[in-house]
Amino acid sequence: MAAQPCTDQYMENPANGFLQAELELNLRLGNLRFQDPVKYVYNPLLYAWDPHEKYVRTYCQSRKEVLFLGMNPGPFGMAQTGVPFGEVKHVRDWLQIVGKVCKPEVEHPKRPIRGFDCPNSEVSGARFWSFFKSICGQPETFFKHCFVHNHCPLIFMNQSGKNLTPTDLPKEQRESLLDICDEALCQVVKALGVKMVIGVGRFSEQRAKKALSREGIEVTVKNIMHPSPRNPQANKGWDSVVRTQLQELGVWPLLTA
C-alpha cells in the first residue's frame, strides 16, 4: 500500500495521517517472520487498537512541535494499554484513556495481556508520565505542542518470556524490521509536522537520525535519558536529569505554556 501524502486534510487533523501510517505499518509487519531467540511477538496496534486509537484521536488533533520517541513497548506498559510508556494508572487516571483490549494470537503464559486490569506497574512508563504530569498539570498542556510515539510497536519474548528489544534480534531480521519502522516514522513526522524528535534513549535518537536523513527530512533530532530501571543513572534521579536536558533543548517553555 502506498504511503499517504501529507494533504490538507491531514494538516487540519493529523490524527488521520498518523493512524493511516500505523495501519500501513501493521500490514508490513504482518509479513515478517521471526526466528530464534524470538518465540513470541505481540502487536498492541492490533489487539489494543481501541485504546490506542482513542489516545491518538484525543491528543493528536493539531500539529506538534516535538515528538518524544521510544524504542518499543514494555510488557506492562503499551503491551497492556496500547499507549506509549503506557503504565496503566497514568493512562487511565491522568490521560483518561480506557478501551477494549483483546489478546495477541499466541500468548506467553508468563506474560498475559490483562489490559487495564494488569496489576503490574511499568517503572519506565510511571516515571515518564509522572514527570510530565508534575510539570504540565493537565495532559492538554503537554499535548498542546508534544506527542509520544514508539519507533517499533512490537514486543518480543524468548521461550522463557524474557523481554527482547529489537537490538537483540539477529542482524538480518533486525534490519528488515527497523527499515520498515524507519519508513513509518518518516510518515508520522510528516503527518504531525514536528520540528524536533527527542529520542527517549540513544537508540531511538540514532534510528530517527538515520531514517529522517535518508529521506531528506530536515528535523532536529536529540535525546533525553531513558527512564528504565535497568539504567543506573535513571535510578539516581531521572527527573532532575531530564528537567535539565529539556531546558537545554529549549523545550521547557512548551511544557509550561
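Counting from 1, the numbers follow the sequence of the chain as shown.
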Calculate, to the nearest 0.5 Å, the distance between atoms [atom1] and [atom2] belonging to [X] and [Y] respectively.
X	Y	atom1	atom2	value
Arg202	Ser204	CZ	OG	12.0 Å
Tyr42	Asn163	OH	CG	10.5 Å
Glu183	Glu24	CD	CD	10.5 Å
Leu46	His52	CG	NE2	10.5 Å
Asp93	Glu87	CG	CD	8.5 Å
Ile224	Thr244	CD1	OG1	12.0 Å

Over all heavy atoms of both residues, which pair between [X] and [Y] is shortest? Give the atoms and the distance, please.
X	Y	value
Ser121	Ala126	OG-CB, 4.1 Å
Met225	Val200	O-CG1, 4.2 Å
Pro229	Asn235	O-ND2, 2.7 Å
Phe156	Val41	CD2-CG2, 3.9 Å
Pro44	Ile155	CD-CD1, 3.4 Å
Met157	Arg111	SD-CG, 3.4 Å

Problem set entry | Stepwise side-chain contact (heavy atoms from CB on, under 4.5 Å) check, Leu178 with His151 | CA-CA 8 Å; Leu178 295 179; His151 178 260; 3.7 Å; yes
Problem set entry | Ring centroid separation Tyr59 to Phe147 under 6.0 Å |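 So the answer is no for these two rings.
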Problem set entry | Ring centres under 6.0 angstrom apart (Trp129, Phe85) |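 No, the ring centres sit 6.0 Å or more apart.
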Quick check: is [Y] connected to [X] through a chain of hydrophobic side chains (ILVMFWY, heavy atoms under 4.5 Å apart)?
X	Y	answer
Leu25	Val148	no
Val56	Phe116	yes
Val106	Val38	no

For this session: Test Ile198 against Met196 for side-chain contact (heavy atoms from CB on, under 4.5 Å), laying out the working first.
Result: CA-CA 6 Å; Ile198 299 179; Met196 177 182 291; 3.7 Å; yes
Exercise. Within a reach of under 6.0 Å around CD of Glu105, are more than 12 heavy atoms found that belong to other residues, nucleotides or ligands?
Worked result: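 No, the 6.0 Å shell around CD holds no more than 12 heavy atoms from other groups.
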Problem set entry | Residues, nucleotides or ligands: over 12 heavy atoms within 6.0 Å of Glu172 CD |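 Not more than 12 within 6.0 Å, no.
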Exercise. Does the ring pair (Phe, Tyr, Trp, His ring centres under 6.0 Å) test come out yes or no for Tyr55 and Trp49, once each step is laid out?
Worked result: CA-CA 10 Å; Tyr55 161 70; Trp49 179 259; over 10 Å; no
Is the closest side-chain heavy-atom distance between [X] and [Y] below 4.5 Å?
X	Y	value
Lys209	Val219	no
Pro166	Cys181	no
Val197	Thr220	no
Leu29	Leu32	yes
Val123	Ser228	no
Val101	Pro51	yes
Phe143	Thr58	no

Could you pull out all residues at least two apart from [X] that satisfy salt bridge (Lys or Arg N to Asp or Glu O under 4.0 Å)?
X	value
Lys103	Glu107
Asp117	none
Lys222	none

Exercise. For Cys152 and Leu177, what are the C-alpha separation, side-chain angles and deciding distance, and is it a side-chain contact (heavy atoms from CB on, under 4.5 Å)?
Worked result: CA-CA 8 Å; Cys152 173; Leu177 168 72; 4.0 Å; yes
For this session: Begin with the C-alpha distance, continue with both residues' side-chain angles, and end with the deciding distance and a verdict on salt bridge (Lys or Arg N to Asp or Glu O under 4.0 Å) for Lys210 and Asp182.
Result: CA-CA 8 Å; Lys210 181 176 181 179; Asp182 283 352; 5.4 Å; no
Problem set entry | Pairs flagged by salt bridge (Lys or Arg N to Asp or Glu O under 4.0 Å) wherever residues 34-60 is involved - sequence neighbours left out |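 For residues 34-60, and leaving out neighbouring residues, the salt bridge (Lys or Arg N to Asp or Glu O under 4.0 Å) pairs sorted by first residue read Asp36-Lys39, Asp50-Lys54, Glu53-Arg57.
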For this session: With side-chain contact (heavy atoms from CB on, under 4.5 Å) as the test, would you mind laying out the steps for His149 and Glu22 before giving the verdict?
Result: CA-CA 11 Å; His149 177 58; Glu22 293 192 311; 3.6 Å; yes
Problem set entry | Positive for side chain to side chain contact (heavy atoms under 4.5 Å, CB included) with Leu192, one of Cys60, Cys146, Ser62 |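 Between Leu192 and the candidates, side chain to side chain contact (heavy atoms under 4.5 Å, CB included) is satisfied uniquely by Cys60.
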Show me the side-chain donor-acceptor pairs of residues 68-84 shorter than 3.5 Å, one per line, residues at least two apart or across chains.
unit_1	atom_1	unit_2	atom_2	d
Asn72	ND2	Leu154	O	2.9
Gln80	OE1	Arg114	N	2.8
Gln80	OE1	Gly115	N	3.0
Gln80	NE2	Pro75	O	3.0
Gln80	NE2	Pro112	O	3.2
Thr81	OG1	Gly77	O	3.3
Thr81	OG1	Val83	N	3.3
Thr81	OG1	Gly86	O	3.0

Exercise. Looking at residues at least two apart in the chain, or sitting in another chain, which of them share a side-chain contact (heavy atoms from CB on, under 4.5 Å) with Ser160?
Worked result: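 Testing Ser160 for side-chain contact (heavy atoms from CB on, under 4.5 Å), a comparison that skips the adjacent residues, returns Asn158, Lys162.
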Taking [Y]'s backbone N and O only, do any of them form a donor-acceptor pair with [X]'s side chain (distance below 3.5 Å, no angle check)?
X	Y	value
Ser176	Gln173	no
Thr141	Gly137	no
Ser130	Arg127	no

For this session: For Thr165 and Asp168, test the side chains for any donor-to-acceptor distance below 3.5 angstrom and give the result as yes or no.
Result: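 Distance-only check passes for Thr165 and Asp168.
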